[in-house]
Structures are given as structure tokens and as C-alpha cells.
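These notes concern the structure reproduced below.
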Protein chains: 2
Amino acid sequence: MSEKEFPLHIPSKYHVSYYQIPIERFFQFGFSVDCVVFGCLENTLKVMLVERGVQPFKGQWALPGDLVYPNEEISTAAERVLRDLTGIQDIPTMEQTKTYGKVDRHPVGRVLTVGHYALVNPDIYNPHASSWADNIHWVDIEELPGLAFDHQEIIEDALEALRTDARKKPIGFDLLPEKFTLNDLQIIYESIFSTKLDKGNFRKRMLNMGLLKALEETQENVAHRPARLYSFDTQSYETLKAKDFSFEI
Amino acid sequence: MSEKEFPLHIPSKYHVSYYQIPIERFFQFGFSVDCVVFGCLENTLKVMLVERGVQPFKGQWALPGDLVYPNEEISTAAERVLRDLTGIQDIPTMEQTKTYGKVDRHPVGRVLTVGHYALVNPDIYNPHASSWADNIHWVDIEELPGLAFDHQEIIEDALEALRTDARKKPIGFDLLPEKFTLNDLQIIYESIFSTKLDKGNFRKRMLNMGLLKALEETQENVAHRPARLYSFDTQSYETLKAKDFSFEI
DNA sequence: GCAAAAGTGTTGTCAGTACACCCATGT
DNA sequence: ACATGGGTGTACTGACAACACTTTTGC
């Protein structure tokens with residue numbers, strides 16, 4: 001990308017009249033996006049952290065994030081960050097959480113950042129993590145290291161947002177591969193909410209909702225009765241949503 | 001406020017190395033806050049709108065909002081907007097909702113805005129509205145006029161956030177005066193969720209939660225049996241919150 | 001007395017919980 | 001055979017919805 005694509009288009013057409021201050025003075029903010037990427041590895045909810053390759057905070061652990069280009073949409077920027085990191089083209093879930101703008105949060109100047117959370121499934125993150133293996137780590141949400149900027153706070157808020165959303169929308173499925181067992185699903189929810197759930201009751205609720213398509217396949221090579229595999233029934237979800245059905249957990 | 005308080009402090013210490021673009025280029029964003037102020041008038045949930053006094057969109061209906069000063073916190077800016085408008089010093093509820101940043105959302109340049117919602121009660125908004133009477137209106141949420149910028153969308157999202165929060169936190173009380181009847185409270189919730197609720201069941205739930213202090217006072221000069229007045233028991237709420245009690249409606 | 005809204009009580013249903021039990025597979 | 005997790009059934013309970021009823025005021 002060339003410098004020409006970054007014109008400095010300071011506006012001058014209007015003035016903020018009430019204080020007699022030229023409006024250019026208000027156009028000196030920097031602006032970034034940060035992504036809290038959740039994944040489920042080893043039956044635990046983890047967050048993707050990177051080692052920063054640029055100043056400030058070079059070498060420290062941080063969330064994947066970047067400055068936004070002057071002509072780039074917020075959501076596009078967040079998707080770009082995640083795509084550059086993992087190669088994912090279509091991110092199933094990417095939600096804005098909150099915006100952080102403390103005057104002194106960035107040593108370079110006044111930089112606001114828009115927090116996001118994303119959910120990725122094992123089909124995706126396994127192959128691609130290796131290309132950046134040195135500086136991408138999946139970290140248990142209970143064991144976060146010291147982080148650059150206010151990224152600790154951003155993660156905490158993202159986790160809260162994830163928990164709220166997970167009660168109302170079937171986003172747990174986005175953390176699973178295409179085919180999964182009911183136990184896989186239960187583990188996801190136990191991990192998100194840090195609780196234990198009753199097996200029988202969990203199964204009944206999930207199956208009664210009509211969002212699962214039972215496949216003919218079962219697990220293989222397990223030292224116990226093999227579990228049936230299911231997949232998320234997107235079509236059924238869309239029809240149910242239309243009739244003011246609501247996912248509740 | 002003088003111009004001196006608005007220095008142009010373009011940073012130059014660091015460079016974004018991966019594209020060889022000087023970091024100054026990324027510091028050309030404008031940044032504002034917008035407030036969706038909810039109040040309950042005539043037993044209906046309303047939103048405060050203002051007639052814009054400056055360009056762009058001068059003369060059109062819009063949300064109260066303003067550009068943020070380079071050394072001002074986001075929350076401070078939102079409180080300032082509301083204080084300038086209503087004289088309120090301590091806003092009981094002011095929550096960030098979402099950030100809007102479409103490239104073309106502002107005709108002057110790239111301006112991001114952080115949406116907020118605020119709840120105000122009749123004790124406050126009645127006296128102060130008159131000082132700006134010409135250009136402040138309370139509008140029924142079902143009957144919004146055409147609005148400047150993307151303010152329609154900001155209101156819709158704020159209403160959704162209000163509804164979500166109102167189910168989990170006792171914020172309905174912030175829309176009421178100090179002393180209120182159970183029916184007043186019921187009307188608030190009916191208005192927020194646009195539904196009808198059963199009187200008996202609503203009373204039972206509210207009283208059982210232990211968040212209401214029954215006063216010795218009753219209504220006066222009503223053409224029916226006068227209702228008992230209640231106030232919100234802040235102290236009880238704090239103790240209950242500590243024991244992982246959760247408000248649910 | 002009557003209208004109007006405050007305030008109380010009763011009943012049935014349904015969803016969630018706890019928990020016990022059987023089933024199929026690898027070693 | 002037995003360990004392991006998959007999968008099913010039952011009984012209890014407590015919250016909530018529906019609705020009928022009594023009470024207190026002004027006119």
C-alpha cells in the first residue's frame with residue numbers, strides 16, 4: 001500500500017461555532033481496533049494473544065489489533081486483523097464490544113480503540129497458527145499474563161459480552177467443528193460459564209430446541225460407547241428465529 | 001475556552017513500520033459522543049431530541065452530542081453534553097452502547113461517534129427543559145421524525161441495550177421520581193418492553209425481591225383508593241448484590 | 001351507590017433440577 | 001469382566017401466568 005492512499009484530508013468547510021475553535025483541531029485522534037479471539041482448546045476457553053512486533057510495547061503480550069485506515073470501515077479493519085493473523089476469510093462471529101479512549105491509554109497520542117470479540121473453531125485455528133507460531137499463543141482465560149495497554153480490561157469486558165450473548169444466541173456452536181457430540185457442546189458451555197452442568201438435563205434442553213441435526217455418524221476409536229455426531233441446523237434456526245423463538249440457556 | 005487549550009500534538013516519535021507509513025497519517029480522525037436520553041412522560045417512554053444549532057444538518061432533529069476535546073475522557077464528554085442540556089450534575093445512569101464509524105457518516109470528515117444511553121427522572125427534566133424550550137423535544141420512541149446522521153440507528157441500538165439491561169439491573173427506578181407507586185413502576189416496564197403485565201403478578205415479584213421500601217405515605221386527591229408510595233432501597237440492593245443476588249424480570 | 005383503581009388469594013401448568021439407571025465399546 | 005462415558009427415564013419442586021375476588025377512595 002502506498003502513501004498516496006493515505007491523503008491527509010483535514011476538513012475546513014465548517015467551523016464549530018460555539019467556541020470559535022476551527023474544527024481541524026478536533027481531527028487529531030488516532031483510532032484502532034482490537035480483537036479478543038476466543039477458541040476452545042483442550043476443553044478450555046482460551047484467548048489468542050500475540051507478541052507485539054512494533055513500538056510501543058514491542059515484545060510484550062497484547063491483543064491482535066491495528067490502526068484503522070482513514071477510508072476503512074471499523075468492521076472491515078477488525079476482519080482484516082483476524083485474517084492477517086489466521087487466514088480466515090469468513091469469520092462466523094465478530095461482535096463489537098466497547099470502545100476505550102482514556103486520554104493516556106496510548107503513549108503515542110490520543111488513540112481510541114474499538115474492542116471486538118471473535119469466535120473461531122478448531123478446523124480453522126489449528127492449521128494456520130503454525131505460520132506465526134513464534135508469536136501467537138492461546139492462553140487460558142484464567143491465566144492471563146501481563147498485557148500491553150488496557151488489554152486486560154478489554155478481555156474482561158469481552159468475556160462478559162460473550163457470556164451475555166451465549167445465553168441468548170446459539171454462538172457456542174461457532175467454537176466447535178462442523179460435526180460434534182453433545183458432550184463437546186456441553187464442555188463449551190461449561191467452559192464459557194465456568195460451571196458444571198447436568199448431562200441429562202443439558203441433552204434434553206439442546207435436543208428439544210430443534211437446532212441440532214442428528215447425523216448418522218458416530219465417534220470412532222473411543223474406549224467407551226461411541227457418541228452420535230450432530231451438526232448445527234442453520235436452516236431450522238432461521239425458521240425458528242422468524243417465529244420469535246429465542247435461544248435460552 | 002481558548003484555542004491554547006487545543007494544541008495540535010501530532011505524534012512523531014514512532015513509525016508504523018510494516019507499511020513504511022508515518023504514523024501521523026493515522027491521526028486524522030474526529031471523534032464525538034451522542035446521548036440517547038430516555039425519560040418517561042405521560043406514561044410513555046420518550047427520547048430527548050434537539051434541533052441542531054450548527055452545521056452540518058443545522059436545523060434538523062438530532063441526538064444531543066458533541067465533539068470530544070483532545071484531553072477529555074469519553075464518559076466526561078457524554079456527561080458534559082447532558083449537563084449542558086439539562087443542568088443535571090450527577091446522572092444516575094449513563095451507559096456506553098456502541099460506536100459508529102462508517103466512512104461516510106459525517107460530511108465533514110471521518111468522525112466516529114460513541115453512542116450512550118442515559119436515564120433521567122421527572123424531578124430533573126421538567127424544570128430544566130424550559131431553558132432550551134425552543135429546541136428540545138421529548139419524542140415518543142414509536143414516532144421518531146427524520147434524524148440527522150445515523151442517529152436513527154443509534155436510537156434503535158440504545159433501545160435494545162436499554163431493554164437488555166432493564167431485565168438484569170433495576171434501572172427502571174432511574175426513570176421514576178424518588179417516591180412512586182407500584183403502578184407507576186409497572187407502567188415504566190410496560191413502556192420499556194411494549195407489553196401489558198398482570199398487576200397481581202407484577203406486584204408479587206417486585207415486593208418479593210426486597211428492593212422496595214414501603215413508605216407511610218399514600219397518594220392524595222385521586223378518585224379511587226389511594227396507592228401506597230414506595231422508594232427504591234439502595235442499601236438493600238447493595239447487600240443483595242454482594243450475595244450474588246440478581247435482578248430478573 | 002357506583003366507578004375506578006388498589007391490593008390479595010387460589011389454582012394449574014410447565015420448565016428445570018436431581019438423580020438413578022441402562023447401554024455400547026475398548027482393553 | 002470392567003472401566004468409561006453415552007444415553008434415557010422419573011419424580012419433585014418452585015416460579016410464574018391466569019384470573020377471581022375484596023378494599024378503599026371520590027363523586
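Chain letters run A, B, ... following the sequence lines, proteins first, then strands; residues in each count from 1.
Atom pair B/L212:CG and C/dG7:C1' shows a separation of 15 Å (rounding to whole Å applied). Straight-line distance from the CG atom of B/N221 to the P atom of D/dG26: 8 Å, rounded to whole Å. For A/R225 and C/dT27, the CZ to C1' distance is 19 Å, given to the nearest whole Å. Rounded to an integer number of Å, the gap from CD of B/Q219 to P of D/dG26 is 11 Å. B/L182 places its CG atom 13 Å from the C1' atom of C/dT8, with the value rounded to the nearest Å. If you take CG of B/N201 and P of D/dA20, they are 13 Å apart, rounded to a whole angstrom. Rounded to whole angstrom, the span from the CG atom of B/L207 across to the P atom of D/dC16 amounts to 14 Å. Residue B/L197 contributes atom CG, which lies 15 Å from atom P of D/dC19 at whole-angstrom precision.
Of the listed nucleotides (D/dA18, C/dG16, C/dT25), C/dT25 has the atom at the smallest distance from the side chain of A/P226. When the nucleotides D/dT23, D/dA17, D/dG5 are ranked by their closest atom to the side chain of A/H224, D/dG5 comes out on top.
For B/N183 against C/dA5, a side-chain-to-base donor-acceptor contact under 3.5 Å is absent. With hydrogens and angles ignored, a donor-acceptor pair closer than 3.5 Å exists between the side chain of B/K199 and the base of C/dA6.
Place B/K204 and B/T181 on DNA chain C by their nearest nucleotides, and B/T181 ends up nearer the 5' end. Nearest-nucleotide positions on DNA chain C place A/D198 closer to the 5' end than the other of A/D198 and A/A223.
The pair A/D66-A/R80 meets the salt-bridge criterion, with a side-chain N (NZ, NE, NH1 or NH2) lying under 4.0 Å from an Asp/Glu carboxylate O. A salt bridge is absent between A/E160 and A/R163; no separation between the charged side-chain nitrogens and carboxylate oxygens falls under 4.0 Å.
The minimum heavy-atom distance linking B/M94 with B/H116 is given by the pair SD-CB, 3.8 Å. The two residues B/L63 and B/M48 have their closest heavy-atom pair at CD2-O, 4.4 Å.
Looking only at atom types and distance, the side chain of B/Y100 has no donor-acceptor partner in the side chain of B/D34 under 3.5 Å away.
Within the 4.0 Å cut-off from OP1 or OP2 of D/dG7, at least one side-chain nitrogen or oxygen of A/R203 is found.
Among the atoms of the strands shown, only primed sugar atoms or phosphate atoms (P, OP1, OP2) are found under 4.0 Å from some heavy atom of B/R228.
Remark: side-chain polar atoms of A/D198 are paired, donor with acceptor, to backbone N or O of A/N201 under 3.5 angstrom.
Where the helix from C/dG1-D/dC27 to C/dT27-D/dA1 starts and where it ends, the local axes point in directions that differ by 10°; five pairs per end, rounded to 10°.
Heavy atoms of other residues, nucleotides or ligands lying less than 6.0 angstrom from CD of A/Q235 number 12 at most.
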